[in-house]
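Beneath this line is the structure, given in structure tokens, with notes to follow.
By convention in this document, chain letters (A, B, ...) are assigned in the order of the sequence lines, proteins followed by strands, and residues within each chain are numbered from 1. We use all heavy atoms of the structure for the numbers below, so side chains are in, but hydrogens, waters and symmetry mates are not. Quick caveat: nothing in here was measured; it's all calculated off a predicted structure.
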Number of protein chains: 2
Amino acid sequence: MDKAGIREVAKAAGVSISTVSRTFAHPEIVSEKTRRKVMQAADKLHFNISRSAAALKSGQTFRVALLMNEEITSWFNNEIFAGINSIMHEAGYDISIFQHIDTAETRRKFFVEMPVRRNVDAVFVASFAIDDKEVEQLKRINVPIIGINTPSVNGFDASVSIDDENGMYKAAQHLINLGHRHIVYACSAASETMDSSIDARGRGFIRACENAAATRPDLNWQVLTVPRGRDFADSALAALLALDSFPDAICCQMDMMAIPLVLKLERYGHRTPRDYSIIGFDDSPYADTINLTTMRQDPFAMGRTAAIKAVKLINGEQLETPHEIVQARLVLRESDALYQARK
Amino acid sequence: MDKAGIREVAKAAGVSISTVSRTFAHPEIVSEKTRRKVMQAADKLHFNISRSAAALKSGQTFRVALLMNEEITSWFNNEIFAGINSIMHEAGYDISIFQHIDTAETRRKFFVEMPVRRNVDAVFVASFAIDDKEVEQLKRINVPIIGINTPSVNGFDASVSIDDENGMYKAAQHLINLGHRHIVYACSAASETMDSSIDARGRGFIRACENAAATRPDLNWQVLTVPRGRDFADSALAALLALDSFPDAICCQMDMMAIPLVLKLERYGHRTPRDYSIIGFDDSPYADTINLTTMRQDPFAMGRTAAIKAVKLINGEQLETPHEIVQARLVLRESDALYQARK
DNA sequence: TTGAAAGCGATACCAG
DNA sequence: CTGGTATCGCTTTCAA
């Protein structure tokens, strides 16, 4: 019943619609008196400005896309999203989320459909690589493309990534420096359909171990890969317990691997740091509660950084440093100790 | 350089813009041949339809608002959001998130600003109460208002809520049935500025205990309230350890209270279920990992349910059951056991 | 089945 | 500082 149009407000206030428009868009160039009149009328009529109309005129959509592999309910994705939103919401943008861009089918669907059906002012790609053809398709919509933790930065207008390789290198090095002899890297298998940024962590581990092996011939290290999926941690637990000898150090691809391991290994007589050292990656919830030594990254901050870049790009500004790399930081807690031979 | 307009597509395809529009909006009423021509031209020109223009015409904004107290990074809010998004995204809507509507100031700001600046087709209110005046203000924007876990359903067009009171009643009753003598309810203080749905849990606990006390005069129960904030779990831990006698059962307001407690109490010699029973509420991450008995709720499903209602409401449909209440379910794991007198 | 034309609601340029 | 007016890109009768 109440269609609070700009016109009726104009009429009620006794001014033109141009003036009403100005009152909202550029209040400073409208006379104090007129402004008050308009505002009063607007209030009385429960007038809301139409974003769609404003968007149409301006050519912007005030909407950005966020592409991610897996679900938004994962710790990482959620933090990224919250970080992006903390900037974009203030700036007047909403976020359109595209989840599970992780199978050939959903990817195809996305890259065909999204440019046509959704309109966005920028697109964020989180944690996975898109190939050249896909970049090409995205470019058609002619808006900035910002990468977050993308394995390659090719075709992106801006990006912020954590140095996964080096982060895990440091984690492994820490374990090596503690004197450990038998180190295993526990990780879930890489996806076959996509190149995920997390895969670089394994390479960091291997590099550290290979380096060390040169001067430490007694160093025994191995990569233990378990299938992806809901219970990758249980799979790793089982695989670990089935080893010829239990390792004295475990390097985990992520905290979500490490946390269940320290909790459950205890039931099998392996207690950290008494019996083995373990290190995680992420510093995600409960890492501090269980005193897990881990590599900290701050995806919320990365989301913010990416969003700030996006806003600048949208506004046509140039970026000083379009591509940023951040380092993970070792946070020492109590799941690691100097190597001691088992009695 | 490339302004892929509907007009140039029309020209390129040799048809009118009406036909181009129809090809996208109602493909079925366009002849096969024409449709192909149009699609081809559209492809070639990298044409993307403008949502803003479509929205303007249709009167919809294809955007909904989600109001929540606290942050979206909490487990509950994140699940709710993911649930809503799983439906709304498919239906073509994006979600505008308003966080921290939890102080007098932010609330005022929100209720004044959002109706004016943002346009939405529906608004979701998650986990807190809004007062009559605020409902009034929301109603001005004249769109459906859907509540999720709102203490009152007053003024809402639809809602889905968990029965917090009864859920916690059941949790407490379970502990009582186990024969426990000394039960404490560990919770963080209610917010002073808002009525949160979670507050009902405490009432459920109290009701169960008062009931039981009638026939069980030896039952010793108490409510242990700690300040809200980052380290409420540590506060509770300290408070628990400072009690005259350690309880034989702990009933927790939520898993995020229970999980750190079981983990940390162990260091002080209290092990569950050997020394005490403990029950959580939520069934949130790691509850299963540590074998926590808890009351399960499914916020993702609640988000979906709410979203489905919203879509119907937006489309002018009537709801069979606008207001739904769901029950939490006891999931038995291994943090509870029959009461046994301490040696 | 297709085309012409009238808006949807705001913006901004150009006069006054 | 304020008022007309063309315009943004699409949707939707109404005719043909």
Side-chain angles (χ1 to χ4, degrees), chain A residues 2-39 41-42 45-63 92 115-121 141-143, chain B residues 2-39 41-42 45-63 92 115-121 141-143:
Chain A
D2 64 317
K3 18 180 77 195
I6 194 173
R7 255 184 288 259
E8 15 282 294
V9 175
K11 199 163 302 169
V15 298
S16 72
I17 60 168
S18 323
T19 301
V20 177
S21 173
R22 276 187 216 106
T23 306
F24 286 93
H26 312 288
E28 68 281 2
I29 66 168
V30 175
S31 84
E32 173 78 28
K33 226 171 65 186
T34 316
R35 202 191 320 160
R36 235 192 331 256
K37 266 196 311 193
V38 173
M39 284 308 203
L45 298 177
H46 300 340
F47 169 69
N48 324 304
I49 219 167
S50 158
R51 295 235 296 159
S52 310
L56 174 55
K57 237 337 221 186
S58 71
Q60 292 197 32
T61 66
F62 292 104
R63 185 181 282 120
V116 181
R117 275 277 142 228
R118 303 260 171 175
N119 261 250
V120 294
D121 295 331
I141 63 180
N142 223 30
V143 297
Chain B
D2 64 318
K3 15 183 79 195
I6 195 173
R7 253 182 291 256
E8 16 280 294
V9 175
K11 198 164 303 170
V15 298
S16 73
I17 61 168
S18 326
T19 301
V20 176
S21 173
R22 278 188 212 105
T23 306
F24 285 94
H26 312 287
E28 69 281 3
I29 66 166
V30 174
S31 83
E32 172 79 27
K33 226 170 65 187
T34 317
R35 201 191 319 161
R36 238 195 326 258
K37 268 195 310 192
V38 172
M39 283 307 203
L45 298 177
H46 301 339
F47 169 71
N48 320 308
I49 220 164
S50 158
R51 294 233 295 158
S52 311
L56 175 54
K57 226 359 214 180
S58 69
Q60 292 197 31
T61 67
F62 291 105
R63 181 182 285 117
V116 181
R117 272 279 141 226
R118 304 260 169 173
N119 265 258
V120 294
D121 294 331
I141 63 181
N142 223 32
V143 298

Spell out yes or no: do the side chain of B:Lys57 and the base of D:dT12 have one donor N/O and one acceptor N/O closer than 3.5 Å? no
Separation of B:Lys11 atom NZ from C:dA4 atom P, in whole Å? 12 Å
What's the closest nucleotide to the A:Leu56 side chain, out of D:dG9, D:dT5, D:dC1? D:dG9
d(CZ, B:Phe24; P, D:dT11) in whole Å: 10 Å
So, is A:Ser16 close to the D:dG3 phosphate, meaning a side-chain N or O under 4.0 Å from OP1 or OP2? yes
Taken to the nearest whole Å, CG/B:Asn119 to P/C:dC8 is 16 Å
Using whole Å, what does the distance between atom C1' of nucleotide D:dG4 and atom CD1 of A:Ile6 come to? 14 Å
Side-chain (A:Ser52) to main-chain (B:Ala55) donor-acceptor, under 3.5 angstrom: no
Return the OG to NZ distance between B:Ser31 and B:Lys33, rounded to the nearest 0.5 Å. 7.0 Å
Without placing hydrogens or testing angles, list every side-chain donor-acceptor pair under 3.5 Å for residues 11-26 of chain B, not counting sequence neighbours.
from: B:Ser16; atom 1: OG; to: B:Ser18; atom 2: N; distance (Å): 3.4
from: B:Ser16; atom 1: OG; to: B:Thr19; atom 2: N; distance (Å): 3.4
from: B:Ser16; atom 1: OG; to: B:Thr19; atom 2: OG1; distance (Å): 3.2
from: B:Thr23; atom 1: OG1; to: B:Thr19; atom 2: O; distance (Å): 2.6

Taking atom C1' of C:dA12 as reference, at what distance in whole Å does atom NE2 of A:His26 sit? 8 Å
For nucleotides 13-16 of chain C, tabulate all protein N/O to nucleotide N/O atom pairs closer than 3.5 Å, reporting atom names and distance.
from: C:dC13; atom 1: N4; to: A:Arg22; atom 2: NH2; distance (Å): 3.4

Roughly, in whole Å, what's the span from CD in A:Gln60 to P in C:dA12? 12 Å
Euclidean distance, atom CD1 of residue B:Ile29 to atom P of D:dT13 [Å, nearest integer]: 10 Å
If only side-chain N and O atoms of B:Ser58 are considered, is one of them under 4.0 Å from the OP1 or OP2 phosphate oxygen of D:dT11? no
Under 4.0 angstrom, heavy atoms only, what part of the nucleic acid is B:Ser21 near: base, sugar-phosphate, or nothing? base
Rounded to the nearest angstrom, tell me the gap between atom CZ in A:Phe47 and atom C1' in C:dG9. 8 Å
Kindly point out which of D:dG9, D:dT5, D:dT11 is positioned nearest to the side chain of A:Ile17? D:dT5
For B:Asn119 and B:Arg63 the tightest heavy-atom approach is O-CD, 3.6 Å
If you assign B:Arg7 and B:Val20 each to the DNA chain D nucleotide with the nearest heavy atom, which residue ends up on the more 5' nucleotide? B:Arg7
Any A:Ser31 side-chain N or O less than 4.0 Å from OP1/OP2 of D:dT2: yes
As a test of reading the structure: which of C:dA4, D:dT11, C:dA10 is closest to the side chain of B:Ala54, going by heavy atoms? D:dT11
In terms of side-chain heavy atoms of A:Val15, which of D:dG3, D:dT2, D:dG9 is nearest? D:dG3
Distance, nearest 0.5 Å, that separates CE of B:Met39 from CZ of B:Phe47: 10.0 Å
